[in-house]
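Order of the sequence lines fixes the chain letters, A, B, ..., with proteins taken first and strands second; residue numbering starts at 1 for each chain. Keep in mind that what you see is a predicted model, and the values were worked out from it rather than measured.
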Amino acid sequence: MSQDTVNIIIDGVEIQATAGQTILEAADAAGMYIPRLCHHPDLPPGGHCRVCTVKVNGRPASSCTFPVSEGLVIENDTDEINAQRRRIIEMLFVEGNHYCPSCEAGGNCELQALGYRLGMLAPTLPYLRVKRELDATHKDVYIDRDRCVLCGRCVRASSVVDKKDAFGFENRGIKKRLSVDAVHGLGETAVSAADKAAQVCPTGCLTVKRVGYATPVGRRKYDKTPIGAEIEKKTAKV
Amino acid sequence: MAKPLVATGFFTGCFGCHMSFLDIDERIIDLVELIEFDKSPINDIKEFTRPVDIGIIEGGVSNEENVEFLREFRKHCKILIAIGSCAITGGVPSMRNTVPLKECLEEAYLNGPTIQNDGIIPNDPDIPTMLDKVYPCHEVVKIDYFLPGCPPSADTLWAALVALLQGKEVALPYELVKYD
Amino acid sequence: MAGDAALVTQVVEQFGRDRGRLMDIARALHAKLGCLTEDTIGDVADALGMRRVQVRDMVSFYAFFSRRPKGKTVIRLCDAVPERMKGAEEVARAFEEALGIKVGETTPDGAITIEHAPCIGLSDQAPGALIGATPVTNLTPADAPKIVQALQDGKDIATLPQAEVDLNLRKPGPVIFAPMERGTAIRAAVNRKPEEVIAEMNKSRLRGRGGAGFPTAMKWDFCRKAKGNARYLICNADEGEPGTFKDRVILTECPDLLFEGMTVAGYALGAKEGLLYLRGEYEYLLPHLDQVLAKRRHLGLLGKNIVGCEGFDFDIRIQLGAGAYICGEESALIESLEGKRGAPRDRPPFPVQKGYKNQPTSVNNVETLCCAARVLEMGGDWFAAMGTRDSTGTKLLSVSGDCKHPGVYELEYGITVEKLLEMVGAEDAQAVQVGGPSGQCVAPKDFGRSISFEDLPTGGSIIVFGPKRDLLECMRQFIEFFVEESCGWCVPCRVGTTILSKQLAKILDGRGTRADVQEMEKVANTVKTMSRCGLGQTAANPILSTLRSFPGLYEARLKKDDFVPPFDLKAALAEGCAITGKQPVLED
């Protein structure tokens with residue numbers, strides 16, 4: 001066993017992780033799925049959504065940012081934590097204006113998929129119903145802020161991968177919104193449809209034009225397979 | 001023993017959930033064995049004739065009449081199930097919720113590109129007064145179960161109904177719960 | 001505009017084209033231009049080699065920065081709970097009347113804007129306001145037209161009788177307010193090795209005064225031992241917890257003690273630079289603080305070879321904030337110091353490992369650093385002899401609300417709430433908010449509990465609620481405060497606080513059911529458990545602690561029905577009726 005190996009326990013199962021990994025990465029490698037929304041494997045973690053919160057030695061922490069170390073005892077798939085995660089997903093459904101039936105992302109949307117996996121049938125928290133700006137100024141990509149969950153994936157992708165810094169945030173608190181590096185909208189930015197930023201949106205907020213509804217209902221990513229199944233498949237564990 | 005009574009109703013939506021209900025195909029024959037319909041557009045009974053066991057409602061609540069009928073459903077039904085996106089979230093009709101009602105009506109009846117001559121916002125006494133927003137059913141009355149989908153598939157509706165009729169908990173398999 | 005672009009270049013040059021000084025650059029430009037428009041934002045981005053969206057990200061975060069033109073003078077009327085208890089709303093109405101505008105608006109001539117502000121550190125002389133940077137206190141509705149007249153006559157606001165800030169130091173104690181000769185603590189420190197200074201601190205068992213209570217010696221030790229190219233000492237003077245004003249009193253009365261403590265810390269940590277992050281609301285204290293710093297440099301207590309100690313170089317820079325409660329959270333404060341929006345960081349790594357500019361950084365409260373100076377002067381044993389076993393020394397309490405003697409009290413840890421109430425003249429209190437909105441609402445049955453880390457911890461805010469207060473209404477205002485101040489980074493805090501405010505409003509409006517209370521409690525627990533930083537983790541406390549201590553107050557407002565719609569039918573029909581000229585048919 002190399003020096004870099006550390007042993008941690010997730011939900012009673014002892015797994016070996018590599019020093020420098022986050023809890024989420026270590027769990028993925030071991031075929032154990034920790035629900036997450038704002039995290040993307042190709043991007044640095046953001047810590048925005050808190051869906052990946054686990055209990056580390058009894059204390060809640062976001063697994064996408066927390067580094068592994070020898071002997072950590074982690075709770076992940078418990079009723080209590082999953083109920084909290086479900087409530088976070090519900091919060092996002094009532095914060096934005098999510099008209100699932102007419103959204104291009106339907107069936108491939110990670111927000112929906114987390115709702116399914118965590119057992120949300122209906123968001124019953126009070127709706128905020130706030131008007132959000134649509135930006136269709138770019139010829140190939142549009143922003144529908146009704147669907148934005150402020151995960152920051154596009155912000156990070158544009159900065160770290162595309163090296164364009166075309167996205168950011170503005171305002172704070174409940175008024176926080178996705179912002180673009182332009183005065184009059186996305187069309188003025190250097191963004192292109194081939195950018196990583198345009199590929200990583202977990203919902204239908206940042207969407208490439210003219211490619212929607214390509215897959216028929218029933219064959220979309222999450223129609224039959226729950227989110228996280230691809231990670232759980234990695235092991236023989238049933 | 002008498003067969004359980006079921007009522008169905010629709011508010012602001014497209015009637016798609018009822019159409020989906022009819023998609024249970026030949027199982028409708030089994031259904032007739034299992035239940036009896038009271039008020040429902042399926043049999044065209046317009047008023048409740050007695051208290052019913054299960055009420056199934058589709059559509060969001062966008063006007064005063066919707067509120068009245070939904071309250072009536074709540075009063076008559078032991079179990080009330082909201083089915084479909086509109087009943088559960090307001091759905092597509094609720095896209096107007098971020099626009100003031102006046103603006104919506106003016107756009108539709110006065111200023112829209114297809115308006116010829118002078119338009120008028122309809123105010124006939126028989127037309128129900130609109131609410132400021134389209135509300136999901138659970139913001140108007142207490143709802144016991146939700147079956148999402150646009151529409152929920154026939155299989156979803158069938159599975160849920162059968163479970164309820166057998167007094168079991170409604171636990172739907174993964175493929176049967178969708179928001180679209 | 002070309003003229004502004006030249007000004008932008010000049011200001012950016014003045015701060016060495018350093019992106020890390022974006023707060024100062026934005027503050028300087030805002031002071032000159034009255035707002036930071038998209039044009040200015042673009043010019044700043046160009047001058048600093050940044051993206052427009054990055055500058056906008058930061059500017060749009062802070063309450064003191066406006067992207068639209070405001071009045072030449074901005075009047076910020078504090079509407080924190082202790083202010084409202086003393087008539088802040090009536091005062092706001094009087095200003096509206098005197099100016100013919102609403103709060104949030106600007107007079108048509110562009111002269112005056114009135115807006116609300118969260119706590120500005122004057123709750124002991126409430127209601128207060130900031131006119132520009134100048135505080136006015138003890139306002140009554142009758143003051144509004146007088147102040148407006150003075151502004152219109154072009155008078156210097158600082159000369160008005162209302163522009164008087166009382167010290168209100170009700171009970172000075174032995175640690176913070178005892179006299180000390182400049183340099184005493186520093187000399188005591190440099191006579192030892194830095195490790196020995198930390199050992200002395202360890203003896204004192206001093207814990208952080210911001211509220212969390214981390215042992216100061218341990219923090220310094222971690223920071224000193226962490227790998228890095230430089231170490232930083234940051235003093236957190238961003239006291240924003242509604243009802244806190246003790247740092248105002250320290251910074252007014254004994255800034256030398258604070259700078260002494262910062263210098264001692266600098267020596268112990270091996271830091272060359274200390275930064276005092278001063279909340280924007282305290283800008284009026286800046287000239288005096290700068291004078292004290294200049295004097296200390298002159299006396300050889302700052303700068304190179306301090307007190308003649310070869311190689312001990314340390315200096316202090318003051319950074320002004322721009323209106324954001326979250327910047328009192330240490331990692332958000334560091335982000336803000338680096339010229340960014342004040343969003344907290346995920347931990348680990350902790351600031352002592354990677355803090356300011358990614359280097360080991362110790363962030364300490366104003367009061368903590370004052371205590372540290374005194375520990376070096378008097379010894380750790382002397383300090384540890386006061387207070388309780390786990391909470392040594394004294395604590396400054398900022399007392400406001402329904403009491404006869406509001407102000408600052410320096411008291412030994414362990415004092416009971418009951419004793420405190422007696423001292424401040426509030427024996428009839430129905431409840432006491434210990435630790436501000438993020439703390440606990442304590443009921444009379446618990447007045448025997450003590451102010452200490454092991455029982456009732458507090459950063460210092462004590463708000464007394466008299467027998468006639470609508471307690472839950474005050475809690476609603478606390479939740480509103482968190483809605484305003486959430487940074488928005490994480491979902492549970494950003495959305496959860498707004499949901500809680502809606503749920504609580506439903507109950508207080510008399511539309512709540514038992515199920516609504518249960519649902520609200522679940523959301524409150526999610527906000528508490530799942531939020532990223534201390535703000536979110538404590539934002540639900542006003543609800544959670546009153547549900548525990550005052551369940552009857554909720555009970556009394558509930559409807560017996562098992563369901564009540566969240567909206568009022570008549571109100572929901574009002575617009576439709578108005579448009580069509582019809583009347584509603586249904587009853588609510």
Positions in [range] that reach chain C, provided some heavy atom is under 4.5 Å away:
range	result
residues 49-65 of chain A	C49(A), R50(A), T53(A), P60(A), S62(A), T65(A)
residues 139-157 of chain A	V149(A), L150(A)
residues 191-204 of chain A	none

Quick check on V180(A) against chain C: is it the side chain, the backbone, both or neither that has a heavy atom closer than 4.5 Å? backbone
Looking at [options], which makes the most heavy-atom pairs under 4.5 Å with chain A?
options	result
E38(C), R56(C), M58(C)	R56(C)
E484(C), E519(C), R341(C)	R341(C)
M50(C), R345(C), R67(C), Q54(C)	R67(C)
V527(C), D346(C), V53(C)	V53(C)
G342(C), A343(C), G488(C), A45(C)	G488(C)

Tell me, side chain or backbone of [X] under 4.5 Å from chain A's heavy atoms, or both, or neither?
X	answer
V523(C)	both
A63(C)	both
R347(C)	backbone
P566(C)	neither
Q537(C)	neither

Is the closest basic N to carboxylate O distance between K164(A) and D181(A) below 4.0 Å? no
[X] atom [atom1]: more than 12 heavy-atom contacts under 6.0 Å:
X	atom1	result
K175(A)	NZ	no
K528(C)	NZ	no
R514(C)	CZ	no

Can you list the steps and then say if F222(C) with F350(C) is a ring-ring contact (aromatic ring centres under 6.0 Å, His included)? CA-CA 10 Å; F222(C) 284 153; F350(C) 292 90; 8.6 Å; no
Cation-pi check for Y62(C) against R27(C): NZ or CZ below 6.0 Å from the six-membered ring centre and within 45 degrees of the axis, yes or no? no
Heavy-atom check, side chain of E329(C) versus side chain of D238(C), under 4.5 Å: no
So do the side chains of D42(A) and V161(A) get within less than 4.5 Å of each other, counting heavy atoms only? no
For T40(C) and D43(C), which I'm curious about, is there any donor-acceptor pair between the side chains at under 3.5 Å? no
Under a 3.5 Å cutoff, is there a donor and acceptor pairing between the side chains of E241(C) and S438(C)? yes
Below 4.5 Å, heavy-atom pairs only: which of A166(A), G47(A), G168(A) has the largest tally toward chain C? G47(A)
On a heavy-atom basis, which atom in L178(A) and which in C205(A) lie closest, and how many Å separate them? CD2-SG, 4.4 Å
Salt bridge (charged side-chain N to carboxylate O under 4.0 Å, His left out) assessment of R177(A) paired with E133(A): CA-CA 9 Å; R177(A) 292 289 181 274; E133(A) 238 174 283; over 6 Å; no
Using heavy atoms and a sub-4.5 Å threshold, report which of residues 497-509 of chain C line up against chain A, by residue number. T498(C), I499(C), K502(C), Q503(C)
Backbone N or O of T513(C) within a donor-acceptor pair of the D561(C) side chain at under 3.5 Å? no
